[in-house]
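Worksheet: the structure to be examined is printed underneath.
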Protein chains: 2
Amino acid sequence: MSSKQEFIKKLRNSNLRPTKQRINICDVLFNRDKTFHFTINDLFNLIKDKTGQKVSLATVYNTVHAFHKKGYLKEIPINSNQTYFDTNVSDHHHFFDVKEEKLIDLKNEDVGPIDIQKSIPGKKIKSVEVLVKLED
Amino acid sequence: MSSKQEFIKKLRNSNLRPTKQRINICDVLFNRDKTFHFTINDLFNLIKDKTGQKVSLATVYNTVHAFHKKGYLKEIPINSNQTYFDTNVSDHHHFFDVKEEKLIDLKNEDVGPIDIQKSIPGKKIKSVEVLVKLED
DNA sequence: ATTCTTCTTTAGAATAATTATAAAAAACTC
DNA sequence: GAGTTTTTTATAATTATTCTAAAGAAGAAT
Ligand SMILES: [Mn+2]
Ligand SMILES: [Mn+2]
Ligand SMILES: [Zn+2]
Ligand SMILES: [Zn+2]
């Protein structure tokens, strides 16, 4: 089955109508081998470049948020004025190349288990994420 | 020597003229026992509350950036629309209480050494920071 | 297929955080 | 004090993001 059909199925299963805009966005986001880290603006421009079709900026925002809510995208906190998203939704760590402003995935085995020795009463740990900043 | 005199000295040493606005900001930021995590807006409001004197928002931004540049404040990357700053400029980790939107310092001993097993050619590690998100 | 309903897209307006501007005020130098 | 440089401030500009409301597309019912 073509990936387009997969996307349509996935969208339908998520109660999201498979519009051509959403399918194009899926194509840019998920038709790739490696994890993709991006800002909304990156994505907005890539859609034009890769599919030749314009999708309005509002729709890019809407779709990214819809996918985020469904758990198909992850938000990454970075010292930056723009929000980064990640197609790798698993719990994982990152390098951040400060000069290039680029995120690189770290495998969990590249970092090893992290043991948090402190706890706050009434709170439990939701996630543990390491950010390793890189310089030249 | 009063802390005010200390602040004046510190500002002079940093080639920053010790204006009453900057001294008030120092007072709010550095006259406290524990690490202080804040947004610009937090700080803006606290200055009014604690010192009874208004400092313009532009000056708060300017001063925070000046202090950041001098290394007296640290910027903390958080999933939020506002930038967080930290009076603890050492390399350290955080809890982030997602509900309260509050940062809590972790001592390095509470996390233990983190061993990064991967490297990127031509790049070296600048910092390693753990962010532990907390939920109820 | 036609109609009806609901969801989606879109351009543009609105909001909110941050940065830039430029004139007045304050701080230093001599 | 006169002259110079830095700082403050109100306000405008910028930027990322969200909101709005109308037009369009998709799905359901007939
Ligand atoms: Mn989101
Ligand atoms: Mn800064
Ligand atoms: Zn990632
Ligand atoms: Zn801290």
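In the text below, chain A, chain B and the rest are named by the order of the sequence lines, each starting its count at 1. Quick note: numbers below take in every heavy atom, side chains included, and nothing from hydrogens, waters or symmetry partners.
One side chain, B:Asp42 or B:Thr39, offers a donor N or O that lies under 3.5 Å from an acceptor on the other. Between B:Asp105 and B:His37, the side chains place a donor N or O and an acceptor N or O closer than 3.5 Å (distance only, hydrogens not considered).
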With a 3.5 Å cut-off and sequence neighbours excluded, list the donor-acceptor pairs that the side chains of residues 128-136 of chain A form with protein atoms.
{"residue": "A:Glu129", "atom": "OE2", "partner": "A:Lys74", "partner atom": "NZ", "Å": "2.6"}
{"residue": "A:Asp136", "atom": "OD1", "partner": "B:Lys123", "partner atom": "NZ", "Å": "2.8"}
{"residue": "A:Asp136", "atom": "OD2", "partner": "A:Lys99", "partner atom": "NZ", "Å": "3.3"}

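Which of C:dC28, C:dT18, D:dT17 sits closest to the side chain of B:Arg12 comes down to C:dC28.
The CG-P distance, from B:Asn24 to D:dT9, rounds to 10 Å in whole Å. Summarising the geometry, the separation between CZ on A:Phe44 and C1' on D:dT17 is reported as 14 Å, rounded to the nearest angstrom. Rounded to whole Å, atom P of C:dT19 lies 11 Å from atom NE2 of B:His68. As a whole-Å value, the separation of A:Leu11 CG from C:dC7 P is 16 Å. Residue B:Leu43 contributes atom CG, which lies 15 Å from atom P of C:dA17 at whole-angstrom precision. In this structure, B:Tyr61 atom OH and D:dT11 atom P are separated by 18 Å, rounded to whole Å. We find that CD1 of B:Ile47 is positioned 13 Å from C1' of D:dT8, with the value rounded to whole Å. Whole-Å rounding puts the B:Gln82 CD to D:dT17 P distance at 14 Å.
Contact check for A:Ile114 versus A:His93: side-chain heavy atoms found under the 4.5 Å cut-off.
Under 4.0 angstrom from either OP1 or OP2 of D:dT17 there lies no side-chain N or O belonging to A:His65.
Environment of NZ in A:Lys54: sparse, with no more than 12 heavy atoms of neighbouring residues, nucleotides or ligands closer than 6.0 Å.
A:Thr83 comes within 4.0 angstrom of sugar-phosphate atoms only, judged by non-hydrogen atoms across all strands, and of no base.
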With the criterion being N/O to N/O and under 3.5 Å, what pairs connect the protein with nucleotides 8-10 of chain C, and how long is each?
{"residue": "C:dT8", "atom": "OP1", "partner": "A:Arg17", "partner atom": "N", "Å": "3.1"}
{"residue": "C:dT8", "atom": "OP1", "partner": "A:Arg22", "partner atom": "NH1", "Å": "2.5"}
{"residue": "C:dT8", "atom": "OP1", "partner": "A:Arg22", "partner atom": "NH2", "Å": "3.3"}
{"residue": "C:dT9", "atom": "OP1", "partner": "A:Thr19", "partner atom": "OG1", "Å": "2.4"}
{"residue": "C:dT9", "atom": "O3'", "partner": "A:Gln21", "partner atom": "NE2", "Å": "2.7"}
{"residue": "C:dT10", "atom": "OP1", "partner": "A:Gln21", "partner atom": "NE2", "Å": "3.2"}
{"residue": "C:dT10", "atom": "OP2", "partner": "A:Ser56", "partner atom": "N", "Å": "3.0"}
{"residue": "C:dT10", "atom": "OP2", "partner": "A:Ser56", "partner atom": "OG", "Å": "3.4"}
{"residue": "C:dT10", "atom": "OP2", "partner": "A:Thr59", "partner atom": "OG1", "Å": "3.0"}

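In this structure, B:Phe30 and B:Phe7 have tilted ring planes: the angle between them lies in the 30° to 60° band.
Among all heavy-atom pairs drawn from A:Leu106 and A:His92, the shortest one is O-CB, 4.0 Å.
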